[in-house]
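Just follow the structure's listing: the first ligand is 1, and inside any ligand the first atom is 1.
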Amino acid sequence: MFNRILIANRGEIALRVIRTAREMGIECVAIYSEKDKKALHTRMAHVAVPLGGSSPAESYLDAEKVIAAALETGAEAIHPGYGFLSENATFARRVTEAGLAWIGPPPDAIEVMGDKIISRRAMKKAGVPCVPGLVDPVDDPAAAVEAAEGIGYPIAIKAAAGGGGKGIRIVHEAAEMASAFRTASGEAVSAFGDGRLYLERYLDRPRHIEVQVMFDKHGGGVHFGERECSIQRRHQKLIEECPSVVIDERLRGKMGEVALRAGHYVNYEGAGTVEFLWADGEFHFLEMNTRLQVEHPVTEMVTGVDLVREQLRVAANEPLGYGQEHIRMNGHSIEVRINAEDPLAGFLPSVGTLHNLRAPGGPWVRLDTAMYRGMEVGLDYDPMLGKLIVWGANREQAIERMKRALAELNVGGVRTGAPAALAVLEHPDFVAGDFDTHFLESMELAPPEEYEGLVAAAAAIFRHNQARRRALEPRASERAGWVARGRADFTNHSRRATNGGGA
Ligand code: MV4
């Protein structure tokens, strides 16, 4: 095993890796930008190397600086976290060329999966069910119209270099093709410098379900079941859970097998996620993310496996040492992302100083964050302040526990999307498991009853604050030994409060 590794990242994922490394007796080297002098990851690491520079390009994305920091400090390996350089095949190659171990998949696998046309072609050959469509680029609108006849409308025009939510255009009939094609092509060129487009049948109301996989360097591979990631807006996930309500044991086995086939076909090593669109009881390969994902903790809670530990063991050439039959799913886990944003202002980023922070706790509650009191929340980095994760014996218990944990959470100084998450957790369709990737956006819009939507959001925030206050400052009646019965009810509550607790 390694003695010392460098973590090429910041924020909660840097802490996540440091924690497992420490448990394994591995020292960590942190790197940090000018803006991150006081960041927690620099304090929790054994060594912290200043990269200088305030923009990501001058710091966390500067491959030369990162590799130099590893070599100077005697690190033997680099863990990229997620984002930044984590899915950059060129960086991964440079790391290994510098004589360091790369805690991630082989660069060739990153490359294949990074190109959506090449990955579709590979997956088709591997016998992985893909969304119906092309495995070659389509050059012009006329060719697109011709190909679309064979695929069937509606059609999704996608960029080969896209993925993760960038560059997708929907076409309902041939007459719309030309203009959509030109827009998509222009966007692909400006966003990726690569205008190649391909076509897929557009699935109207899919669920986004992904499978966690792990492969060693000795031909071993296992899957850790699925995560349900449909509660998102504009490709930013808000709530993830494990398992998915629509996946039974048989389907889980089938999806897992397909995900393993996908990984084996590209000689995958380490942790990865195979994304599927699920519609009408069928699943279709969408893309593979060649990194550890933000939402990995829900899988950890349900399987009891530390995925970072497995990543480190694999990178150090250890065999997994267990098989699929050893992976057991137990109970249910939910994650809520805590983003510095304002749900009542269209989820615009919220900035400020974190003057107050109270972390939830108690049984089966986990808060993965690098927040600290006094932290400046600006626009330099991702607005995700952390993740709240709970486990329950079943989904109902996990939902109740998450509502309780969110009520305990108090982030003062910036607004967060937590009230929106609470509104989802209380929505009857979410509770029933009846939702798809459009759920969150349709909840927000809710016209022509938009007034109702606003009131619901305001009520959620009110209840959230109320519950928070209640937890912090028990009402007089409770101090006097009275215990509130049932759920916090808002009318009841304000009346009692004005009564001065004389109830
Ligand atoms: C689709 C689709 C429906 N049909 N492809 C969006 C991000 C990119 N990675 C793929 N995406 C989609 N591809 C076909 N053929 C719907 C989406 C999609 C989506 C997928 C996963 C999670 C959230 C989403 C939100 C909107 C659209």
Side-chain angles (χ1 to χ4, degrees), residues 82-83 87 112-121 123-124 128-138 144 147-148 150-172 176-177 180-181 183-184 187-188 191-192 194 196-211 226-241 244 246-247 255 259 262 272-291 293-295 335 337 347 424 430 435-445:
Y82 51 70
E87 294 181 277
V112 169
M113 291 304 181
D115 185 307
K116 305 310 162 193
I117 290 179
I118 293 176
S119 69
R120 267 174 70 78
R121 202 177 296 153
M123 291 303 101
K124 231 175 168 171
V128 170
C130 297
V131 185
L134 306 180
V135 291
D136 288 298
V138 57
I151 300 167
Y153 287 92
I155 290 283
I157 308 178
K158 297 188 173 188
K166 281 162 277 173
I168 157 169
R169 277 263 169 297
I170 301 149
V171 179
H172 296 92
E176 297 171 6
M177 185 65 85
F181 188 94
T183 315
E187 280 176 5
F192 314 113
D194 175 353
R196 284 174 306 135
L197 301 176
Y198 67 104
L199 305 185
E200 279 179 8
R201 175 75 187 269
Y202 178 69
L203 305 178
D204 198 25
R205 305 203 74 90
R207 296 174 82 117
H208 177 196
I209 298 176
E210 57 187 32
V211 175
E226 79 285 0
R227 292 185 287 258
E228 166 68 67
C229 302
S230 299
I231 306 297
Q232 56 86 43
R233 62 183 299 285
R234 304 201 182 160
H235 310 294
Q236 294 299 315
K237 295 165 187 167
L238 177 64
I239 299 181
E240 301 102 338
E241 53 182 319
S244 165
V246 296
I247 306 297
M255 283 178 100
T273 300
V274 184
E275 290 190 357
F276 297 98
L277 288 182
W278 186 94
D280 306 317
E282 286 183 43
F283 59 88
H284 313 267
F285 172 84
L286 192 58
E287 49 195 68
M288 182 171 187
N289 298 322
T290 54
R291 61 172 190 275
Q293 300 211 146
V294 171
E295 59 270 27
E335 171 176 285
R337 297 192 189 195
F347 287 87
V424 172
F430 177 80
F435 55 85
D436 56 44
T437 51
H438 301 288
F439 180 82
L440 189 53
E441 274 146 11
S442 62
M443 227 182 105
E444 283 167 46
L445 289 174

Practice task
Please report the shortest heavy-atom distance between A148 and Y153, naming the atom on each side.
Solution key: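 Answer, listing the atom of A148 first, then Y153: CB-OH, 3.4 Å.
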
Proximal ligand 1 atoms for [X], defined as those under 4.0 Å from one of its heavy atoms:
X: K158; answer: 1 (C), 5 (N), 10 (C), 13 (N), 14 (C)
X: H235; answer: 6 (C), 7 (C), 24 (C), 25 (C), 26 (C), 27 (C)
X: L277; answer: 1 (C), 2 (C), 3 (C), 4 (N), 5 (N), 14 (C), 20 (C)
X: E200; answer: 5 (N), 14 (C), 15 (N)
X: H208; answer: 21 (C), 22 (C)
X: E287; answer: 9 (N)
X: I168; answer: 1 (C), 12 (C), 13 (N)
X: V131; answer: 15 (N)

Problem - Residue pair E87, T290: steps toward the side-chain hydrogen bond (donor to acceptor under 3.5 Å, both in side chains) verdict - result: CA-CA 6 Å; E87 294 181 277; T290 54; 3.2 Å; yes

Exercise for the section: Give the contacting part of H438 toward ligand 1: side chain, backbone, both or neither, where contact means a heavy-atom distance below 4.0 Å. Expected result: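 Looking at H438 and ligand 1, no heavy atom falls under 4.0 Å.
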
Does [X] pair with [Y] as a salt bridge, N-O distance under 4.0 Å?
X: E441; Y: R234; result: no
X: E335; Y: K237; result: no
X: E241; Y: R227; result: no

Practice task
Side-chain contact test, heavy atoms from C-beta onward, threshold under 4.5 Å: evaluate it for F435 versus E228 and give yes or no.
Solution key: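 Result yes, sub-4.5 Å side-chain heavy-atom pair found.
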
Exercise for the section: Examine R201 against ligand 1 and note whether any of their N/O atoms are separated by less than 3.5 Å. Expected result: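 Yes, since at least one N or O of R201 sits under 3.5 Å from an N or O of ligand 1.
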
Practice task
Sequence neighbours left out, what passes side-chain hydrogen bond (donor to acceptor under 3.5 Å, both in side chains) with R337? Give chain and number order.
Solution key: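 Only E240, E295 meet the side-chain hydrogen bond (donor to acceptor under 3.5 Å, both in side chains) criterion with R337.
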
Practice task
Enter the distance from I231:CD1 to R207:CZ here, rounded to the nearest 0.5 Å.
Solution key: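 So the CD1 of I231 and the CZ of R207 are separated by 8.0 Å.
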
Handout entry: Heavy-atom nearest option to atom 23 (C) of ligand 1, drawn from R233, Q232, R234
Key =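 Selected option, by shortest heavy-atom distance: Q232.
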
